Amino acid sequence: MPTVHLLDYVAGNIRSLVNAIEKVGYEVEWIKSPEDVAKAEKLILPGVGHFGHCLTQFINAGYVEPIKAHIQAGKPFMGICVGLQALFEGSAEDPNVIGLGVVPGRLERFNDTNKSVPQIGWNSANTANAKGLAADQSLYGLRPDSKYYYVHSYAAPYKPGVLEKEGWTVATARYGDEEFVGAVAKENVLATQFHPEKSGAAGLRVIKAFLDGNYIQKLPTTPSAAASKEGLTRRIIACLDVRTNDQGDLVVTKGDQYDVRDKDSSAVRNLGKPVSMAEKYYQQGADEVTFLNITSFRDTPLKDQPMLEILRQTSKSVFVPLTIGGGVRDTKDAETGNVVPALDVATLYFKSGADKVSIGSDAVTAAEEYFSANRTLSGKTAIETISNAYGAQAVVVSVDPKRVYVSSPDATPHATVKLSPNEKGPNGEEYCWYACTLHGGRTTSDLDVIQLVTAVEAMGCGEILLNCIDKDGTNSGFDLGLIRSVKAAVKIPVIASSGAGNAGHFKQVFEETSVDAALGAGMFHRGEWTVRQVKEVLEKDGLLIRRFEA
Ligand code: 1PR
């Protein structure tokens with residue numbers, strides 16, 4: 001197999017990139033020291049997390065000059081995400097850190113007054129009007145009507161003509177009213193702000209074109225009018241709750257208000273095998289797949305957690321982001337008796353192919369401590385340590401709120417939501433507040449959901465997975481009041497979860513709230529709807545979605 005060299009200096013999910021490279025027929029060799037750079041013919045610089053953190057590691061390890069020499073020698077070079085950002089002159093994220101200056105310009109933070117930041121999801125890398133390309137040509141396999149997976153808070157604003165004057169060809173994307181650089185290329189250099197290794201077939205095509213040296217290709221078809229529909233798509237996530245059943249097999253299950261045992265037989269519901277179900281949803285066009293280990297590897301030695309194997313297998317064939325939740329906290333290795341910090345648990349997950357970790361119970365405990373300490377950050381929580389090492393985008397907090405009905409907002413100090421007439425409480429209560437729970441709903445905290453989400457945002461969480469125990473498994477639609485109140489409280493993206501029963505519920509949550517993504521479980525597992533069917537309905541009704549590419 002032909003080889004490509006990868007720089008082994010960053011924290012993050014490098015596993016996905018290795019899997020993607022192998023999928024397109026190349027083998028990875030690692031660069032472990034600056035001296036190794038000279039051996040590389042094709043070199044990829046991945047990067048996640050903070051610009052300053054990445055660049056400083058990179059500078060301190062002595063990589064700057066060897067990389068510049070590689071580029072100046074005309075050898076193929078590709079930067080991904082922070083690997084693209086490193087090529088610019090600097091970033092508002094860390095103004096004192098100097099970039100490589102290969103590409104002119106600086107990165108700015110997205111404006112969060114009218115949209116969620118970070119941007120997480122599928123957006124364009126549009127070359128339809130790129131200077132230097134004919135209408136029927138593609139740059140490294142990029143197609144104007146394809147969508148690519150982005151996750152970032154800082155971007156290079158696109159200023160027409162500026163980079164082009166220096167000989168760069170630019171693919172652009174639009175987030176809200178901001179146009180930014182999605183990818184740039186010149187001679188032997190390609191850099192993408194998006195993650196091609198997480199962008200399905202569209203992303204694999206870019207990696208292959210770079211490795212094959214196919215700078216300019218012919219587009220299979222002239223870009224459709226859809227190409228002009230730039231912007232972030234509505235994100236549909238398939239969620240798999242995983243646990244061991246009574247026979248000892250790890251299965252995908254599904255609860256009704258978190259009760260996963262069948263009413264008649266009292267056996268754990270078995271809806272299928274985790275890896276094959278994840279592959280099925282990928283093929284149906286799911287934009288992300290989430291695994292929740294709902295029994296959090298009780299008594300399992302960390303090194304052979306079955307969830308790690310599930311991730312390893314899934315990440316070889318599923319090229320969209322994978323989130324894993326359950327048991328991300330400081331934990332005791334049952335084999336050695338040693339305490340393993342949450343950061344190490346997360347690292348195991350990332351090394352096995354996860355892109356994000358989801359934290360449930362531990363986030364509630366951390367938020368309780370945050371308020372007891374007068375909103376002081378300890379720096380030691382799972383959220384903070386993982387976010388500092390891997391970036392906020394890698395940390396999801398999964399919230400399991402439960403309604404507490406009240407007759408009026410004055411009846412409680414907590415933030416309340418007015419219920420719709422058909423949702424009143426058992427005694428006709430017209431309001432409720434949402435109590436946070438831990439341990440899969442078995443323990444209830446005094447914190448309300450708004451307190452929790454604001455605390456975890458302050459700690460550096462990048463995204464909220466907003467479940468609702470009252471709605472889970474009911475097929476009655478998402479809890480719109482809950483979603484609106486959480487969206488109003490935070491700037492980070494929010495994923496709506498619990499209650500989806502048909503495509504109309506997805507349409508409703510996107511049209512009637514400003515939620516960033518929506519997740520379904522039971523309706524997909526029971527085969528009532530496919531992800532593709534949901535997306536077809538959304539598209540027919542004018543909502544922008546990512547079409548699956550084979
Ligand atoms: O507390 O960090 O160990 O994480 C445990 C994780 O497991 C949490 O994210 C928690 O939400 C989840 N969990 C724990 N027990 C259950 C259970 O069901 N008994 N599942 C559970 C949570 C809820 C959603 C579900 C949606 C959509 N599952 O993920 O997929 O409600 O369902 P629907 O579309 O069928 O309505 P920790």
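Only a predicted model underlies this, so the values are computations on that prediction, with no experimental measurement involved. Order of listing sets the numbers, starting from 1, for every ligand and every atom in it.
In terms of polar-atom proximity, Gly360 is counted as a contact of ligand 1, with an N or O under 3.5 Å from an N or O of the ligand. Considering backbone and side-chain atoms alike, Val260 places every N or O at 3.5 Å or more from each N or O of ligand 1. Between Gly473 and ligand 1, at least one pair of N/O atoms sits closer than 3.5 Å. Checked against a 3.5 angstrom limit, the closest N/O atoms of Lys471 and ligand 1 fall outside it. Distances between N or O atoms of Tyr258 and those of ligand 1 include at least one value under 3.5 Å. At under 3.5 Å, a nitrogen or oxygen of Gly522, whether backbone or side chain, sits near a nitrogen or oxygen of ligand 1. Checked by distance only, ligand 1 and Val328 stay at 3.5 Å or farther apart across all their nitrogen or oxygen atoms.
Using a 4.0 Å heavy-atom cutoff, Asp241 is listed among the residues neighbouring ligand 1. Put simply, part of Ser398 is less than 4.0 Å from ligand 1, judged by heavy atoms. Heavy-atom separations between Gly325 and ligand 1 are all 4.0 Å or longer.
No side-chain donor-acceptor contact under 3.5 Å links Ser153 and Glu93. Between the side chains of Ser317 and Glu279, at least one donor N or O lies within less than 3.5 Å of an accepting N or O. Tyr390 and Thr347 are linked by a side-chain donor-acceptor pair at a separation below 3.5 angstrom, with hydrogens and angles left out of the test. For the residue pair Ser199 and Lys147, no side-chain donor N or O sits within less than 3.5 Å of a side-chain acceptor on the partner. Under the 3.5 Å distance criterion, with hydrogens and angles disregarded, no donor-acceptor pair is assigned to the side chains of Asp400 and Thr437.
Contacts with ligand 1 closer than 4.0 Å are made by no heavy atom of Met523, backbone or side chain. Residue contacts with ligand 1, taken as heavy atom pairs separated by less than 4.0 Å, involve Asp472 via backbone and side-chain atoms alike. With a 4.0 Å heavy-atom cut-off, ligand 1 is reached by the side chain of Leu292 but not by its N, CA, C or O.
For the salt bridge (Lys or Arg N to Asp or Glu O under 4.0 Å) condition, the pairs that include at least one residue of residues 449-469, sequence neighbours left out, are Arg235-Glu463, Lys356-Glu463.
Residue Gly440 has at least one heavy-atom neighbour below 4.0 Å for each of these atoms of ligand 1: 14 (C), 15 (N). Ligand 1 places these atoms under 4.0 Å from at least one heavy atom of Cys239: 29 (O), 30 (O). With ligand atoms numbered from 1 in the order given, ligand 1 contributes 2 (O), 3 (O), 37 (P) to contacts under 4.0 Å with heavy atoms of Gly327. In the vicinity of Asp400, heavy-atom distances shorter than 4.0 Å reach the ligand 1 atoms 8 (C), 10 (C), 11 (O). Counting the atoms of ligand 1 from 1 in the order shown, those under 4.0 Å from a heavy atom of Ser361 are 1 (O), 2 (O), 37 (P).
Taking the ring centre of Tyr434 as origin, the terminal cationic atom of Lys402 falls outside the region bounded by 6.0 Å and 45° from the ring axis. Cation-pi geometry between Lys198 and Tyr149 is not met: the NZ or CZ atom fails to fall both under 6.0 Å from the ring centre and inside 45° of the normal.
For the residues Gly441, Ser476, Ala521, Ala518, the heavy atom positioned nearest atom 30 (O) of ligand 1 is part of Ala521.
Between Lys507 and Glu539 there is no salt bridge, since no side-chain N of the basic residue sits under 4.0 Å from a carboxylate O of the acidic one. Residues Lys535 and Asp287 are paired through a salt bridge, judged by an N-O separation under 4.0 Å between the basic side chain and the carboxylate. Look at Glu197 and Lys23 and you find no salt bridge, because none of the NZ, NE, NH1 or NH2 atoms lies under 4.0 Å from a carboxylate O.
For His152, the ring-ring contact (aromatic ring centres under 6.0 Å, His included) partners two or more places apart in sequence, or in a different chain, are Phe110, Tyr150, Phe180.
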